[in-house]
Amino acid sequence: MTVTKRLLPVVLALFSVAALDACRRAAPEPVVPAVDTAAERMAREAEAERERQRLAAEAAAARQRAIDDSLARVRAAEDAARRDSEMLRGTLTTGINFDLDRSDLRDDARAALDAKIPILLANTNVTVRVSGHADERGSSEYNLALGQRRAATAKRYLVERGVAESRVETTSFGEERPVCTESNEMCWSQNRRDEFEITAGGPMLMRPRN
Amino acid sequence: MMTFATMGRLALASALLSVAVPAQDSTSRGVRIGLNYDPGSKPGIIVLPPVAWANGDSVRRILERDLDFSDRFNVISLPPPDASTVAAASGALNYPVFAKTGAVALVHVAPTARGVHVVLHDVAKAAVAREEDFSLPATVGRDWRHAVHGIADAIEQWITGTRGISQTRVAFIRSNVVRLIDSDGHGEEALPMVGAAVSPAWHPNGGTIAYNTFGTESRIVLHDLRTGRNREFPAQRNSMYLTPMFAPDGRSLVYAISTENGADLYQMSFDAEAFPRRVTVGRGSINVGASFSPDGNRMVFTSDRTGTAQVYIMDADGTNADIFTAFDFGDQNYRADPDWSPDGRQVTFQSRIDNRFQVFTMSLRDRQPKQLTSEGQNEEPSWAPDGRHLVFASTRSGTRQLWILDTESGRLRQLTHAGGSRLPAWSPRLAK
């Protein structure tokens, strides 16, 4: 279809050249009747008008295509940024876990914190809250303080690596808010945790520059 | 009436102990009467309303239960027809009939215009030992029950020399709400909360409850039970207030400030607008849950300064801190939540045995630990004002409930009947 449409003006142009040749050759011939000439002119003008309209429509369609294309590119870029942001948010809010009665960082906890640091450094308006939690096996009063110490351990790790102290708030829920309520090690190990929450500046996170 | 606890051996051990050791409550306080009260035994006692009267049966039931819960008497219940026929005999009591039941004391309650007239009979001597009028509120309700508990506590004092503890309440936590329950399990109510609460504590005058909230809105709340008003002390950012505890004179509060650099105990005076005084210097360790000696000169508290949580003892100004519960060399056990007994002689606390907490007591004199529980998990013990009963949270029934233990006989009773009840604090005596 498009091929036909695009070739059509060329074909028509060839036809009109042929017609002109015919006219030139026919010049010495007797003048054709005026009525016929007028009718032909009207037909030619109508044809030209249709042609102008067709070309205008084509130009408009091309413009629209260009607009659509650039909008789609912008949208794709936005989607990618949003996906990025959500991925970064996921990395920032990933929790870490602790061993029984301990508040020092395990290797997996360090890795999880290391992943947060470049994001925090690239998004300086982001503030976070670290909430420490404990399992049910300690004294619940002591565990509130233990949770605070667990939150503080994570905060200290971030601050020592360049995150401004004021951007990290700490608090504790002790054993008062378990994520798992059965009395076994599977549950307890999940409950001994720090949770990370973005408290400000989080709607659109920028990917850190490499 | 009550089953003896599952802790037969402990009960026996403590029964033997109570014979061997001078009993705690043999000191003569208040009025002593002619009845010979031997703290090592449980004298039989009968409670009678001689004739039927409105609320008479309720009064008798409450008095019987209070005297039974005191664990100092063997309450003998006569079936109602016998009770009335025996007692009705021309106004005079047929003492030999009561003596045959094993009773040495008989409480005789009669209605008056403003309350009741209570007569305590010495059955062996066939004589009145003491009598007194008590006023009761006109309508039966919480205040009325409270007043009847006061009668039971007075009767106990007439016989044993020590006032009873039925006119007390226990503050505790369920679903992070502070609740109060009468010592006999009646009248449970929730206090209006300003946040998720833990660690309730009584002012020594019984009129105020302190507790703390946690999370980002941590604060100490002093709730006045008479006016319902709160005084709040919000904690600073990145810190929390924990474990408020009144000094025995009621003029200051000791509590922990939990920060990013450990938790330390502080003391805030109510007398002056002074800055809180720091009591412990933990250098990053956790120091929480203080409990005063009755004279206010020392305190016990939970500290992990040597690694795991242990109970420590120190002078009230923070000097001379020393581990209190290191009774096994190299033992890495976990001990916490101490409460100093009102008679000053011992401290109760929880200790982790095979991954479960159990309630212990340890005397100040010989520092010999005594395990009081073994069934389920048992935590957060709090002394009754008699220095003999403990209330604690236990999972022995399948859900977390408050239970009361008589440390002398080993007898147990369940105080609450809704799961998730914990962190109990026994009130002082609440006599008006």
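Chain identifiers are assigned alphabetically (A, B, ...) following the order of the sequence lines, protein sequences preceding nucleic acid strands; residue numbering begins at 1 within each chain.
- Heavy atoms closer than 4.5 Å to chain B are found in the backbone of S166(A), but not in its side chain.
- Within 6.0 Å of CD on Q236(B) lie no more than 12 heavy atoms contributed by other residues, nucleotides or ligands.
- Proximity to chain A involves both the backbone and the side chain of I286(B), based on heavy atoms less than 4.5 angstrom apart.
- No part of S218(B) comes within reach of chain A, as not one of its non-hydrogen atoms sits under 4.5 angstrom from that chain.
- The main-chain N or O of T216(B) is never found under 3.5 Å from a side-chain atom of R129(A) such that the two would form a donor-acceptor pair.
- If you check the side chains of E141(A) and T243(B), you find no donor sitting under 3.5 Å from an acceptor.
- Counting heavy-atom pairs closer than 4.5 Å to chain B, the top-ranked of the candidates S103(A), S140(A), A151(A) is S140(A).
- The minimum heavy-atom distance between A145(A) and A263(B), with the atom names listed, is CB-CB, 4.0 Å.
- In this structure, R149(A) contributes its side chain and G284(B) its backbone to a donor-acceptor pair below 3.5 Å.
- Heavy atoms from other residues, nucleotides or ligands lying under 6.0 Å from CZ of R177(A) number more than 12.
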Checking R237(B) against T171(A) for the side chain to side chain contact (heavy atoms under 4.5 Å, CB included) test, could you report, in this order, the C-alpha distance in whole Å, the side-chain angles of both residues, the deciding distance, and whether it holds? CA-CA 8 Å; R237(B) 181 180 151 95; T171(A) 191; over 6 Å; no
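- Looking only at atom types and distance, the side chain of N176(B) has a donor-acceptor partner in the side chain of E176(A) under 3.5 Å away.
- Residues D101(A) and Y334(B) bring no donor and acceptor atom of their side chains to less than 3.5 Å of each other.
- Residue-environment remark: CZ (R277(B)) exceeds the threshold of 12 foreign heavy atoms within 6.0 Å.
- The number of heavy-atom neighbours closer than 6.0 Å to CG of D107(A), taken from other residues, nucleotides and ligands shown, is 12 or below.
- When the candidates A336(B), A309(B), S199(B) are compared by the number of heavy-atom contacts under 4.5 Å with chain A, S199(B) comes out ahead.
- The 12-atom threshold is not exceeded at CE of M206(A), counting heavy atoms of other residues, nucleotides or ligands nearer than 6.0 Å.
- Chosen from L144(A), V168(A), L146(A), the residue pairing most often with chain B at heavy-atom distances under 4.5 Å is L144(A).
- In R207(A), the CZ atom is not crowded: 12 or fewer heavy atoms of neighbouring residues, nucleotides or ligands sit closer than 6.0 Å.
- Side-chain atoms of N238(B) come within 3.5 Å of backbone atoms of T170(A) as a donor-acceptor pair (strictly under, hydrogens ignored).
- Contact between T302(B) and Y142(A) at its shortest, heavy atoms only, is CG2-CD1, 4.2 Å.
- A distance of 5.0 Å separates CG in N355(B) from CZ in R137(A), rounded to the nearest 0.5 Å.
- Of the inter-residue distances, the one linking E169(A) atom CD with E260(B) atom CD reads 9.5 Å to the nearest 0.5 angstrom.
- In this structure, the separation between OG on S172(A) and CE on M240(B) is 4.0 Å, given to the nearest 0.5 Å.
- Neither the backbone nor the side chain of R356(B) comes within less than 4.5 Å of any heavy atom in chain A.
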